[in-house]
Peer 1: 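Quick one: structure below, then a few questions.
What's counted below: heavy atoms across the whole structure, side chains too, no hydrogens, waters or symmetry copies. Order of the sequence lines fixes the chain letters, A, B, ..., with proteins taken first and strands second; residue numbering starts at 1 for each chain. The structure presented is a predicted model; accordingly, all values stated were derived computationally and were not measured.
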2 protein chains.
Amino acid sequence: MKPLDKSFWICYYVIVIGNDNKNDFFVQTRPIMKMNKRATIKQVAKAAGVSTQTVSRVINNRPDVSSETRERIQQVILEMDYRPSALARSLIQQRSFTLGVVTAGLKYFGPSRTLNGITSMAEELKYALLLEDLPHFDSEDIKPLLQDLISHHVDGIVWAVPEVGDNRRWVDEILMDVPVPVVFLTMQARAGVSTVSVDNYAGGVLATRHLLELGRRHIGHISGPLDWWEARQRKQAWQETLQKAGIRATDNHWVEGNWSSSSGEIAFEQLLQSNPEMDAIFVANDQMALSVLHTACRRGLVVPRDLAVVGFDNFAESAYFWPALTTVNHNHHELGCRAVQEVVKQIEAVHRNERIESQTVLLSTELVVRDSSICK
Amino acid sequence: MKPLDKSFWICYYVIVIGNDNKNDFFVQTRPIMKMNKRATIKQVAKAAGVSTQTVSRVINNRPDVSSETRERIQQVILEMDYRPSALARSLIQQRSFTLGVVTAGLKYFGPSRTLNGITSMAEELKYALLLEDLPHFDSEDIKPLLQDLISHHVDGIVWAVPEVGDNRRWVDEILMDVPVPVVFLTMQARAGVSTVSVDNYAGGVLATRHLLELGRRHIGHISGPLDWWEARQRKQAWQETLQKAGIRATDNHWVEGNWSSSSGEIAFEQLLQSNPEMDAIFVANDQMALSVLHTACRRGLVVPRDLAVVGFDNFAESAYFWPALTTVNHNHHELGCRAVQEVVKQIEAVHRNERIESQTVLLSTELVVRDSSICK
DNA sequence: CTGAAAGCGCTAACAC
DNA sequence: GTGTTAGCGCTTTCAG
């Protein structure tokens with residue numbers, strides 16, 4: 001038997017379909033063929049009867065090819081379904097048009113929306129994305145990860161991991177060894193580092209002021225875990241806004257949660273004990289606010305009459321909580337977009353041998369007033 | 001002035017910090033230096049006084065190097081912070097250890113959890129991930145996208161876009177031209193195609209049977225958009241389960257939503273009109289179920305006494321709806337993991353010149369009973 | 001055990 | 001306009 005043409009491989013497919021709750025299944029095989037090889041520039045050149053250089057010129061839209069040759073080559077390219085190898089190009093051009101993206105907690109609402117912003121802007125700017133998702137926010141040794149990205153020749157890095165604990169400790173030591181621009185999301189501004197963050201402090205002020213303006217004077221707070229920079233910002237805004245209004249915010253008036261609905265429930269119960277006069281509460285995210293609404297309802301408290309509730313994040317379902325949740329809106333998508341824009345700007349600058357300037361961007365927030373704070 | 005050493009570039013960083021709601025900002029500049037170049041195998045070889053091949057042997061843990069030479073080279077590698085170029089390796093080895101991942105609707109709950117599963121399994125199996133996110137579920141021309149992935153030499157592709165409309169129309173025409181294994185998520189089984197999906201039909205049966213067992217006889221349904229395969233499966237399960245129980249499910253008994261909470265509200269209002277006897281409802285996802293709870297509450301209906309509600313997806317907040325939502329749980333994370341395992345299995349097989357077999361995997365679901373269906 | 005030569009797919013720099 | 005040469009960073013083959 002003649003050996004198979006190496007450019008094809010034959011596959012036999014087996015289908016196994018389980019029926020629900022039974023062990024029945026049926027099997028079906030069918031051979032199908034797959035082309036095994038991408039076309040190379042050499043093959044195209046040979047087929048068109050020119051040198052690889054000329055093909056390269058056509059691919060890159062260089063002017064110095066006769067229109068006759070160009071057309072012939074383009075024809076061949078179409079026929080052979082040829083696409084130049086991005087890898088080989090990256091090697092020779094010392095530019096990959098690829099961004100490394102490092103995320104954490106992709107399963108949560110915020111990070112994935114941010115990633116969505118990153119993908120859309122990267123697509124727009126024609127950059128490919130190499131994705132790494134950290135298993136924990138407070139990651140151990142990030143050096144191997146950085147080296148991995150660099151070994152893939154990424155042109156820049158978007159560090160889309162929020163600042164938690166001292167998970168930025170490596171920045172000062174290692175960042176200067178990273179040979180490409182890096183932009184950080186959601187972290188405290190630092191000299192010499194580009195960051196893009198939401199203005200959590202301003203958002204916290206909006207929320208707290210809103211409750212003050214409604215005449216509430218016993219305003220509690222459920223914070224996020226305080227090793228999160230964002231949680232500290234929101235809490236600080238609550239505290240300082242109350243102080244400016246001449247109201248003391250003591251330790252009886254707030255409890256630390258961990259962002260989850262279940263932690264919100266526990267925190268709220270605690271707060272009801274320590275601060276029975278409480279007539280309003282600013283909760284550091286909508287998930288926890290949801291369980292506050294839930295628990296209040298169960299306890300016979302009427303929101304907002306007995307307790308006004310304001311959340312943070314404005315996640316898609318908040319408008320359908322019962323009652324609909326007043327919350328602070330901010331734009332995760334925009335966050336990702338801006339980060340990509342910034343890192344690409346720096347890449348371009350480096351490429352033109354210009355010096356680059358780091359920028360700290362703070363995105364604004366807005367209050368979305370719904371039924372959980374205003375009595376109808 | 002002496003020209004700068006080409007292996008360094010100097011950057012001046014400018015920090016701009018906006019104060020909330022004021023136009024104040026301050027600027028700070030500081031020059032910092034970044035190393036410009038990754039070390040190459042050549043430089044390592046030179047520094048260690050050996051040839052590049054010997055370094056290569058050390059990198060790849062080949063046995064045939066004297067332990068003396070090996071140690072010296074490893075020392076140099078550490079000092080120079082050298083990592084081999086994944087690009088160059090991919091080129092020569094004709095293997096990139098990179099998977100192309102195509103998603104859609106990353107901003108939604110399900111797809112991002114699935115991506116999380118993909119990242120964690122890819123990490124475990126030491127594959128890098130090239131991410132593309134489609135702006136729409138029902139995508140126009142996917143050929144350029146596939147070509148783009150192939151031009152990046154991905155070893156396999158995970159198509160994590162749910163089957164919507166005829167967005168699988170290209171499969172029969174184009175798939176055999178794709179020179180690497182492809183695994184599809186969330187789609188109807190087809191001959192010759194590997195798929196991994198959740199058993200939506202079985203889940204729908206669980207939900208409907210549960211309501212029947214509670215003695216409900218007027219069970220409505222709010223479906224997802226019926227151009228979605230998943231939505232059709234869930235609806236069909238509802239319909240057929242009722243029929244098997246001797247109950248007719250006519251067009252008065254269901255309305256089509258679009259997965260969003262707002263569509264769920266509208267659909268529910270409609271259903272209340274067309275089917276006033278309704279004493280239970282199976283809603284095709286938790287978001288829409290949320291607005292059903294919300295609307296029922298507003299209308300003075302008591303859940304579950306007047307209306308038992310079952311959702312689908314078990315998203316993290318469902319336990320904190322009011323009342324807590326009974327729903328069908330399935331594992332988005334697992335979905336991503338299985339897809340990566342499957343595609344890597346096929347890649348390995350191709351690499352060993354074995355024939356590969358396609359498999360249809362259906363992940364099971366389970367009912368999570370909470371307060372929205374069972375009267376206490 | 002180690003090194004020299006060739007080449008993965010492509011493009012920059014130069015020739016003609 | 002077009003082809004030739006060299007080389008991006010690495011590994012494979014083969015010679016010593």
Peer 1: For A:I92 and C:dG7, what is the distance between atoms CD1 and C1' respectively, to the nearest whole Å?
Peer 2: 13 Å
Peer 1: Can you check whether A:S66 has a side-chain N or O nearer than 4.0 Å to OP1 or OP2 of D:dT2?
Peer 2: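 Yes, such a contact exists.
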Peer 1: Once you round it to whole Å, what is the distance between P of D:dT5 and CD of A:Q53?
Peer 2: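 Atom CD in A:Q53 sits about 13 Å away from atom P in D:dT5.
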Peer 1: If you compare every side-chain N and O of B:K42 against the phosphate oxygens of D:dG7 (OP1, OP2), does one of them come in below 4.0 Å?
Peer 2: no
Peer 1: Check whether any side-chain nitrogen or oxygen of B:S85 sits under 4.0 Å from OP1 or OP2 of D:dG9, and answer yes or no.
Peer 2: no
Peer 1: Determine the minimum heavy-atom distance between A:S85 and A:R38, stating which atoms define it.
Peer 2: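 So the two residues come closest at CA-NH2, 3.3 Å.
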Peer 1: Rounded to whole angstrom units, what separation is found between the CG atom of A:L91 and the P atom of D:dT11?
Peer 2: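 Atom-to-atom, A:L91 to D:dT11, this comes out as 12 Å.
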Peer 1: Figure out the CD/C1' separation between A:E71 and D:dG1, and round it to whole Å.
Peer 2: 16 Å
Peer 1: Identify, between B:V50 and B:A88, the residue whose nearest nucleotide on DNA chain C lies closer to the 5' end.
Peer 2: B:V50
Peer 1: What does B:R70 touch in the nucleic acid at a heavy-atom separation under 4.0 angstrom: a base, only the sugar-phosphate, or nothing?
Peer 2: nothing
Peer 1: Can you tell me the distance, in whole Å, between the CZ atom of B:R95 and the P atom of D:dG9?
Peer 2: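 To the nearest whole Å, that distance equals 24 Å.
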Peer 1: Give a yes/no on whether any side-chain N or O of A:T54 is located under 4.0 angstrom from OP1 or OP2 of D:dT2.
Peer 2: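 No.
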Peer 1: Within the 4.0 Å heavy-atom criterion, would you say B:T69 contacts the bases, only the backbone, or no part of the nucleic acid?
Peer 2: sugar-phosphate
Peer 1: Of B:L145, B:L185, B:V182, which meets side-chain contact (heavy atoms from CB on, under 4.5 Å) against B:V102?
Peer 2: B:L145
Peer 1: When you check the phosphate oxygens OP1 and OP2 of C:dA12, does a side-chain N or O of A:R62 lie under 4.0 Å from one of them?
Peer 2: yes
Peer 1: When you measure only distances, ignoring hydrogens and angles, does the side chain of A:R57 come within 3.5 Å of the base of D:dG3 through a donor and an acceptor?
Peer 2: yes
Peer 1: Please report the interatomic distance CD1(A:I157) to CG(A:L99), rounded to the nearest 0.5 Å.
Peer 2: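 Reported to 0.5 Å precision, the distance equals 9.0 Å.
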Peer 1: If I take atom CD in residue A:Q94 and atom C1' in nucleotide D:dC10, what distance separates them, rounded to the nearest angstrom?
Peer 2: 13 Å
Peer 1: Measuring to OP1 and OP2 of C:dT11, would you say a side-chain N or O of A:S56 lies under 4.0 angstrom away?
Peer 2: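 So the side-chain polar atoms of A:S56 do come within 4.0 Å of the phosphate oxygens OP1 or OP2 of C:dT11, strictly under.
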Peer 1: Is the closest basic N to carboxylate O distance between B:K345 and B:E348 below 4.0 Å?
Peer 2: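 Looking at B:K345 and B:E348, the cut-off is not met.
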Peer 1: In whole angstrom, give the distance that lies between atom CD1 of A:I73 and atom P of C:dC10.
Peer 2: 13 Å
Peer 1: Examine C:dC8: is either OP1 or OP2 under 4.0 Å from a nitrogen or oxygen in the side chain of A:T40? Give yes or no.
Peer 2: no
Peer 1: Do any side-chain nitrogens or oxygens of B:R89 fall under 4.0 Å of OP1 or OP2 in C:dG9?
Peer 2: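 No, because none of the side-chain N or O atoms of B:R89 sits under 4.0 Å from OP1 or OP2 of C:dG9.
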Peer 1: B:V344 versus B:M121: any side-chain heavy-atom pair under 4.5 Å?
Peer 2: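 The answer is no; the side chains never approach within 4.5 Å.
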Peer 1: Rounded to the Å, how far apart are B:I41 CD1 and C:dA5 C1'?
Peer 2: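 Rounded to whole Å, this separation is 15 Å.
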